[in-house]
Novice: 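Shown below is the structure under consideration.
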Amino acid sequence: MFVVGRLIVWVAIVSTDAQILAALRSAGPNGVSGVELAQRLGISRAAVWARIEELRRLGYEIEASPVHGYRLLNWPDLLHADDLLARLGKTRVVGRDIRVFEQTTSTSDVVEKLARDGVAEGVVVFAEAQTSGRGRLGRKWFSPARKGLWFSVLLRPPLRPQQTTQLTIAAATALVRAIKAQTALQPEIKWPNDILVRGKKVAGILTELSAELDRTKYVVLGVGIDVNVSAREFPAELRQLATSLRVETGHLIDRAELATRLLRELDGDYLRVCAGEFEVIADEWARYCTTLGRYVVIRIGERSVGGRAESLAPDGALLLRTQHGHIERVIGGDVTVEKQ
Ligand code: BTN
């Protein structure tokens, strides 16, 4: 009874197209009849047909046959909010609302504005391309059209500003899990938030927050993943440093599938962080993090601090043992791993 209730709630808030795509995906090769779709959605068969035609226009290959009814045979490589919602199903927070832009300056700008307008947490904004994508430390983020996943999530966590590093750590862990599950690659984390494959960066996280002294108003969690960028498409200055999932696996990756896996992981980890269970995530993060145990130099603005990366503090800060034997806490910066 409870499950039925949850399904009704989900159906009530997602669009007709999302429900059609969800029904087609769950029917698989058996297909689903127009009559059944019309009944489930509470619309006429003609209205179902009109929506199917619209989805076909977008590139969804939907077969209509007297034997199987409607079957989804193939889908386009585009991010479509209804399709993402259909694939994602019900999440508690992250992905309750998904918006896709063909192009924007930066998805984090869009989410920042939504945050100031009072939109509820969990909204995710994707862009197929960003014209001013930004990375950490004021760097530009290369965001070519339809080649990656460029998105930002609005969160309103019950955390003090100093604790929000936990969200970056949780996001990095969720990213590793999602990439591993979809590609069988073995991504590593370079503290605090770079995801590397075979030593080259494949994804990054930018956490921006609005806070008062002791209260976080909101966090904009920006994620960039180089998914289907080919080696020659990277600008020359990035070629030695960056890679993509396509380059590393040798094949194109279903971006919508990766996006929904990741949103599901992020949702689970966000709830864990909010419930005060960060330690479970920190343990997993430490298993993926190749910075721990290494001698590193971290540049923070004009200052540099060097030492052995020993462990992660409960709030997500990195604990470095300096050459003088002191422990130094570091919460951000640019890490260089020293040769040993
Ligand atoms: C980094 O490693 O420097 C962080 C990169 C974060 C890039 C993402 S792409 C989506 C979101 N919008 C932005 O402008 N930046 C983040």
Novice: Quick one: OG on S143 to CD on Q103, what's the gap to the nearest 0.5 Å?
Specialist: 10.0 Å
Novice: Are D109 and R134 close enough for a salt bridge, meaning some N to O gap below 4.0 Å?
Specialist: yes
Novice: About how many Å separate OG1 of T107 and CD of E128, when rounded to the nearest 0.5 Å?
Specialist: 12.0 Å
Novice: Flag yes if V94 and L159 sit in one hydrophobic cluster, no otherwise; membership is Ile, Leu, Val, Met, Phe, Trp, Tyr, and two members link when side-chain heavy atoms are under 4.5 Å apart.
Specialist: yes
Novice: I'd like to check L241 versus K201 (side-chain heavy atoms, cut-off strictly below 4.5 Å). Are they in contact?
Specialist: no
Novice: Under 4.5 Å between side-chain heavy atoms, hopping through other hydrophobics if needed: is there a path connecting L72 to L85?
Specialist: no
Novice: Would you confirm whether Q166, through its side chain, and P314, through its main-chain N or O, come within 3.5 Å as a donor-acceptor pair?
Specialist: yes
Novice: Hydrogens and angles aside, do E248 and T243 bring a side-chain donor and acceptor to less than 3.5 Å of each other?
Specialist: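 Their side chains do contain a donor-acceptor pair, which is all the 3.5 Å distance test asks for.
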Novice: Of all the heavy-atom pairs spanning L258 and A178, show the shortest one and how long it is.
Specialist: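 Heavy atoms only, the tightest pair is CD1-O, 3.9 Å.
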Novice: Would you say that I225 contacts L262 through its side chain, given a criterion of any heavy-atom pair below 4.5 Å between the two side chains?
Specialist: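 Of all side-chain heavy-atom pairs linking L262 with I225, at least one is under 4.5 Å.
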Novice: Can you check side chain to side chain contact (heavy atoms under 4.5 Å, CB included) on V335 and K190, steps first, answer last?
Specialist: CA-CA 8 Å; V335 182; K190 180 177 157 200; 4.1 Å; yes
Novice: Taking C-beta and beyond as the side chain, do I20 and L55 meet within less than 4.5 Å on heavy atoms?
Specialist: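 Side-chain contact under 4.5 Å: yes.
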Novice: Looking at every heavy atom in both A129 and P144, which two are closest together, and how far apart are they?
Specialist: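 Closest pair (atom of A129, atom of P144, distance): CB-C, 4.5 Å.
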Novice: With a 4.0 Å cut-off, would you call R255 and D77 a salt bridge?
Specialist: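 Looking at D77 together with R255, the answer is yes, because their closest N to O distance falls below 4.0 Å.
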Novice: Set out, in order, the CA-CA distance, both residues' side-chain angles and the distance that settles salt bridge (Lys or Arg N to Asp or Glu O under 4.0 Å) for R51 and D17, then state yes or no.
Specialist: CA-CA 7 Å; R51 294 319 309 159; D17 289 2; 2.7 Å; yes
Novice: Do NZ/NE/NH1/NH2 and the carboxylate oxygens of R177 and D269 come within less than 4.0 Å?
Specialist: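 Yes, this pair counts.
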Novice: In sequence, state the C-alpha distance, the side-chain angles, and the governing distance for R87 and D254, and then conclude on side chain to side chain contact (heavy atoms under 4.5 Å, CB included).
Specialist: CA-CA 12 Å; R87 290 172 185 248; D254 184 334; 3.8 Å; yes
Novice: Check for me whether R25 meets the cation-pi criterion with W75, that is, NZ or CZ under 6.0 Å from the six-membered ring centre and within 45 degrees of the ring axis.
Specialist: yes
Novice: Is there a side-chain contact between V227 and K147 in this structure, where contact means two heavy atoms from C-beta onward sitting under 4.5 Å apart?
Specialist: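 In short, these two side chains do not touch, never coming nearer than 4.5 Å.
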Novice: If you measure only the distance, is there a donor-acceptor pair under 3.5 Å linking the side chains of S132 and S106?
Specialist: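 No - no donor-acceptor pair under 3.5 Å links their side chains.
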Novice: Hey, does the side chain of E121 reach the backbone of L155 with a donor-acceptor pair shorter than 3.5 angstrom?
Specialist: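 No, E121 side chain to L155 backbone: no donor-acceptor pair under 3.5 Å.
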Novice: Checking T16 against Q19: is there a side-chain donor and acceptor pair closer than 3.5 Å?
Specialist: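 The criterion, which ignores hydrogens and geometry beyond distance, is not satisfied for T16 and Q19.
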Novice: Please assess L24 against I62 for the test side chain to side chain contact (heavy atoms under 4.5 Å, CB included), listing each intermediate value before the final yes or no.
Specialist: CA-CA 9 Å; L24 289 172; I62 302 169; 4.0 Å; yes
Novice: State yes or no: do I195 and I281 share one hydrophobic cluster built from I, L, V, M, F, W and Y residues joined by side-chain heavy-atom distances below 4.5 Å, directly or via other members?
Specialist: yes
Novice: First locate atom CH2 of W285, then atom CG of N193, and finally report the distance between them rounded to the nearest 0.5 Å.
Specialist: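 It comes to 10.0 Å.
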Novice: Any ion pair linking K113 and D117 (charged N to carboxylate O, less than 4.0 Å)?
Specialist: yes
Novice: Please report the closest heavy-atom contact between A120 and L154, naming both atoms and the distance.
Specialist: O-CD2, 3.8 Å
Novice: Spell out, as yes or no, whether a donor-acceptor pair under 3.5 Å connects the side chain of R71 to the backbone of G31.
Specialist: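 No, R71 side chain to G31 backbone: no donor-acceptor pair under 3.5 Å.
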Novice: Using a cut-off of 6.0 Å, state whether more than 12 heavy atoms not belonging to Q162 lie near its atom CD.
Specialist: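 Yes, because the 6.0 Å sphere around CD of Q162 holds more than 12 heavy atoms from other groups.
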Novice: Is there a donor-acceptor contact under 3.5 Å from the side chain of D267 to the main chain of R92?
Specialist: yes
Novice: Got a sec: does the CZ of R146 have more than 12 other heavy atoms crowding it under 6.0 Å?
Specialist: yes
Novice: Do other residues, nucleotides or ligands put more than 12 heavy atoms under 6.0 Å from the CD atom of E237?
Specialist: yes
Novice: Looking at D334 and R139, is there a salt bridge between them, counting it only when a charged N and a carboxylate O are closer than 4.0 Å?
Specialist: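 Salt bridge: yes.
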Novice: Ignoring hydrogens, what is the shortest heavy-atom contact between L185 and P187? Give both atom names and the distance.
Specialist: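 Nearest heavy atoms, L185 then P187: O-CD, 3.2 Å.
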Novice: Parallel under 30°, tilted from 30 to 60°, perpendicular over 60°: which one fits the rings of F142 and F234?
Specialist: tilted
Novice: Hey, could you give me the CZ/CG distance between F151 and L221, rounded to the nearest 0.5 Å?
Specialist: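 Reported value, rounded in 0.5 Å steps: 7.5 Å.
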Novice: Please tell me whether R261 and Q182 have a donor and an acceptor in their side chains that are separated by less than 3.5 angstrom.
Specialist: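 Yes.
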Novice: Show, in sequence, the C-alpha distance, side-chain angles and deciding distance for R99 and L114, and conclude whether the side chain to side chain contact (heavy atoms under 4.5 Å, CB included) test is met.
Specialist: CA-CA 11 Å; R99 306 180 190 192; L114 294 176; 3.5 Å; yes
Novice: Check the hydrophobic clustering (I, L, V, M, F, W, Y; side-chain heavy atoms under 4.5 Å; chains of links allowed) and say if V223 and V111 are grouped together.
Specialist: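 No; V111 is not reachable from V223 via cluster members.
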Novice: I298 versus I300: any side-chain heavy-atom pair under 4.5 Å?
Specialist: yes
Novice: If you count the non-hydrogen atoms of other residues, nucleotides and ligands that lie under 6.0 Å from CZ in R239, is the total more than 12?
Specialist: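 Yes - once you tally the heavy atoms of other residues, nucleotides and ligands closer than 6.0 Å, there are more than 12.
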Novice: Can you tell me how far apart CG (L21) and CD1 (I52) are? Round to the nearest 0.5 Å.
Specialist: 8.0 Å
Novice: Does atom CD (Q240) have a neighbourhood of more than 12 heavy atoms from anything else shown, all under 6.0 Å?
Specialist: no
Novice: Run the side chain to side chain donor-acceptor pair (under 3.5 Å) test against K180 and tell me which residues pass, sequence neighbours left out.
Specialist: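 Residues passing side chain to side chain donor-acceptor pair (under 3.5 Å) with K180: Q186.
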Novice: Regarding D83 and Y60, do their side chains bring together a donor and an acceptor under 3.5 Å, going by distance alone?
Specialist: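 Distance-only check passes for D83 and Y60.
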Novice: Regarding E257 and R264, does a basic nitrogen lie under 4.0 Å from an acidic carboxylate oxygen?
Specialist: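 No, no charged N to carboxylate O under 4.0 Å.
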Novice: Kindly give the heavy-atom pair with the smallest separation between R156 and A115, and that separation in Å.
Specialist: NH2-O, 3.0 Å
Novice: Are L266 and L263 packed together at the side-chain level, in the sense that at least one heavy-atom pair is separated by less than 4.5 angstrom?
Specialist: yes
Novice: If we ignore angles and hydrogens, is there a donor and acceptor under 3.5 Å between the side chains of S15 and D82?
Specialist: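 S15 vs D82: donor-acceptor pair found between side chains.
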Novice: Taking only residues two or more places apart in sequence, or in another chain, which ones meet T216 in a side chain to side chain contact (heavy atoms under 4.5 Å, CB included)?
Specialist: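 Scan of T216 (side chain to side chain contact (heavy atoms under 4.5 Å, CB included), adjacent residues dropped) gives P157, P161, T164, L209, V219.
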Novice: Quick test of your reading of the model: are E284 and R272 salt-bridged, counting only N-O distances below 4.0 Å?
Specialist: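 Result for this pair is no, no salt bridge flagged.
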Novice: Just wondering, do H326 and R321 contact through their side chains at under 4.5 Å, heavy atoms?
Specialist: no
Novice: Under a single-linkage definition using a 4.5 Å side-chain heavy-atom cutoff for Ile, Leu, Val, Met, Phe, Trp and Tyr, are W150 and I179 assigned to the same hydrophobic cluster?
Specialist: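 No; I179 is not reachable from W150 via cluster members.
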Novice: Could you give the distance from OG1 (T291) to CZ (R294), rounded to the nearest 0.5 Å?
Specialist: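 Output value for this atom pair is 8.0 Å.
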Novice: Looking at R56 and E63, what are the two nearest heavy atoms and their distance?
Specialist: NH2-C, 4.1 Å
Novice: Under the side chain to side chain donor-acceptor pair (under 3.5 Å) rule, what do T105 and T131 come out as? Steps first, then yes or no, please.
Specialist: CA-CA 5 Å; T105 49; T131 52; 5.3 Å; no
Novice: Tell me whether E112 is salt-bridged to R116, with the criterion being a basic N under 4.0 Å from an acidic carboxylate O.
Specialist: yes
